[in-house]
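One structure is given below, encoded as structure tokens.
Chain naming here is simple, since letters A, B, ... match the order of the sequence lines and numbering starts at 1 in each.
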2 protein chains.
Amino acid sequence: MKDISIEQAIKDEQINLKDIKSCPVQFVLAVNDALNVLTGKWKLPIIGALLFKSMRFSEMKKTIPKITSRMLSKELKELELNGVVKRVVDDTTPVTITYQLTDSGMSLNGVLDKILEWGLGHRNEFFSQA
Amino acid sequence: MKDISIEQAIKDEQINLKDIKSCPVQFVLAVNDALNVLTGKWKLPIIGALLFKSMRFSEMKKTIPKITSRMLSKELKELELNGVVKRVVDDTTPVTITYQLTDSGMSLNGVLDKILEWGLGHRNEFFSQA
DNA sequence: TCTGCAAGTATACAAAAGTATACTGATATA
DNA sequence: TATATCAGTATACTTTTGTATACTTGCAGA
């Protein structure tokens, strides 16, 4: 068997996603990446805001209810470090700083759709039997 | 406009998932449900184990490296409360207790696939440019 | 009777995540 | 000159999460 990447193997359907949930390190790492990007009290509101449109720090503070400067700053740094958010410095006077999602960040939209779908289905099932 | 459920509206494509990420309470709650079920250090290992097969407490302890009784117990209770895990008491002597995923729990498989997919794509993009 | 498993509980502690509040330094506007 | 905005930092504190370790009750087998 040729030595190809996991991603290629998946594309080629040599590996079927459903059958390997309990498996290799790379997969665990990938899932963890995704969950780290999504968890904590403020990640979702921040990503949600930026999915709507790119914004400046102060605008985000107004948009996201109850968030403090400290948390917004902290979370934005983390998201930037994880390659989900881009901090763009525009060379006006005074400088304008804009936060926007990277391509990866944008593609979280699909993940969130799936999560939302599950959540709605789950609530239906759960509350109908309870 | 008739008064129909949100889920129906989505099915009927009167609402498009992409356009309402920053919107109604029900949606925020649903996404939160899903994330609560997935976050914390041990939720994923536990769900992963149970996706593989139903298990008893002691078997889970052996299967999941480093988890303590306290954490396993705590997390299982929470997952049960959230309708993701079922605790089945089998009336043998002595009684046998088995943990298994509910239908909702099983359907997390699809969500995890999507998350995994994003994680792999993200790692690719991220490490190729760094 | 002694040992050990099963399915946890109890207590104490450490570390991570989040909150509250005040402050900066540079620029812009009244 | 006084005030306000922007893009954050700094410090101290509380809450939530997770760890370590020991213990419990009921039964089974040697």
Remember a base hit wins even if backbone is also touched, and classify Lys77(A) as base, sugar-phosphate or nothing at under 4.0 Å, heavy atoms.
-> sugar-phosphate
Euclidean distance, atom CE of residue Met55(A) to atom C1' of dT5(D) [Å, nearest integer] = 18 Å
Is there any protein nitrogen or oxygen under 3.5 Å from a nitrogen or oxygen in nucleotides 1-6 of chain C, and what are the pairs?
residue : atom : partner  : partner atom : Å
dA6(C)  : O3'  : Arg56(B) : NH2          : 2.9

What are the two closest non-hydrogen atoms of Leu101(B) and Ile47(B), and how far apart are they?
-> CD1-O, 4.2 Å
Should Tyr99(A) be listed as having a side-chain N or O under 4.0 Å from OP1 or OP2 of dC6(D)?
-> no
Could you state the atom-to-atom distance from CG of Asn36(B) to P of dT17(D) in whole Å?
-> 9 Å
Between dT17(D) atom P and Leu38(B) atom CG, what is the distance in whole Å?
-> 15 Å
Reading 5' to 3' through nucleotides 16-22 of chain C, protein heavy-atom contacts under 4.0 Å coded B for base, S for sugar-phosphate only, - for none = --BBB--
Would you say Asp91(A) and Val95(A) make side-chain contact, with heavy atoms under 4.5 Å?
-> yes
Taking the side chain from His122(B) and the backbone from Asn82(A), do they hold a donor-acceptor pair closer than 3.5 Å?
-> yes
Common cluster, Met60(A)/Met106(A), ILVMFWY with side-chain heavy-atom separation under 4.5 Å = yes
Nearest whole angstrom, please: distance from the C1' of dT5(D) to the NZ of Lys61(A).
-> 12 Å
To the nearest angstrom, the CD1-P distance between Ile67(A) and dA7(D) comes to 15 Å
Could you tell me the separation between the CG atom of Leu76(B) and the C1' atom of dG18(D), rounded to a whole number of Å?
-> 16 Å
Could I get the full list of side chain to side chain contact (heavy atoms under 4.5 Å, CB included) partners for Glu80(B), not counting sequence neighbours?
-> Arg87(B)
Bend angle of the helix from dT1(C)-dA30(D) to dA30(C)-dT1(D), end axes from five pairs each (to 10°) = 10°
Just distance, no hydrogens or angles: give the donor-acceptor pairs under 3.5 Å from side chains in residues 66-79 of chain A, sequence neighbours left out.
residue  : atom : partner  : partner atom : Å
Thr68(A) : OG1  : Met71(A) : N            : 3.3
Ser69(A) : OG   : Lys61(A) : NZ           : 3.2
Glu78(A) : OE2  : Lys43(A) : NZ           : 3.4

So, does Thr102(B) use its side chain to make a donor-acceptor pair with the main chain of Val84(B) at under 3.5 Å?
-> yes
Any side-chain heavy-atom pair of Gln100(B) and Leu50(B) under 4.5 Å = no
Okay, side chain of Trp118(A), backbone of Asp113(A): is any donor-acceptor separation there less than 3.5 Å?
-> no
If we only count heavy atoms from C-beta on, is the Val89(B) to Thr98(B) side-chain gap below 4.5 Å?
-> no
Would you give a per-nucleotide map of nucleotides 25-30 of chain D, 5' to 3', where B means the base has a protein non-hydrogen atom under 4.0 Å away, S means only the sugar-phosphate does, and - means neither?
-> ---S--
Salt bridge (Lys or Arg N to Asp or Glu O under 4.0 Å) between Lys114(A) and Glu117(B), worked out | CA-CA 12 Å; Lys114(A) 201 75 190 162; Glu117(B) 200 186 291; over 6 Å; no
Would Val31(A) and Leu35(A) count as a side chain to side chain contact (heavy atoms under 4.5 Å, CB included) if you check the C-alpha gap in whole Å, the side-chain angles of each, and the deciding distance to 0.1 Å?
-> CA-CA 6 Å; Val31(A) 174; Leu35(A) 287 177; 4.1 Å; yes
Mind checking whether Asn32(B) and Leu44(A) have side chains closer than 4.5 Å, heavy atoms only?
-> yes
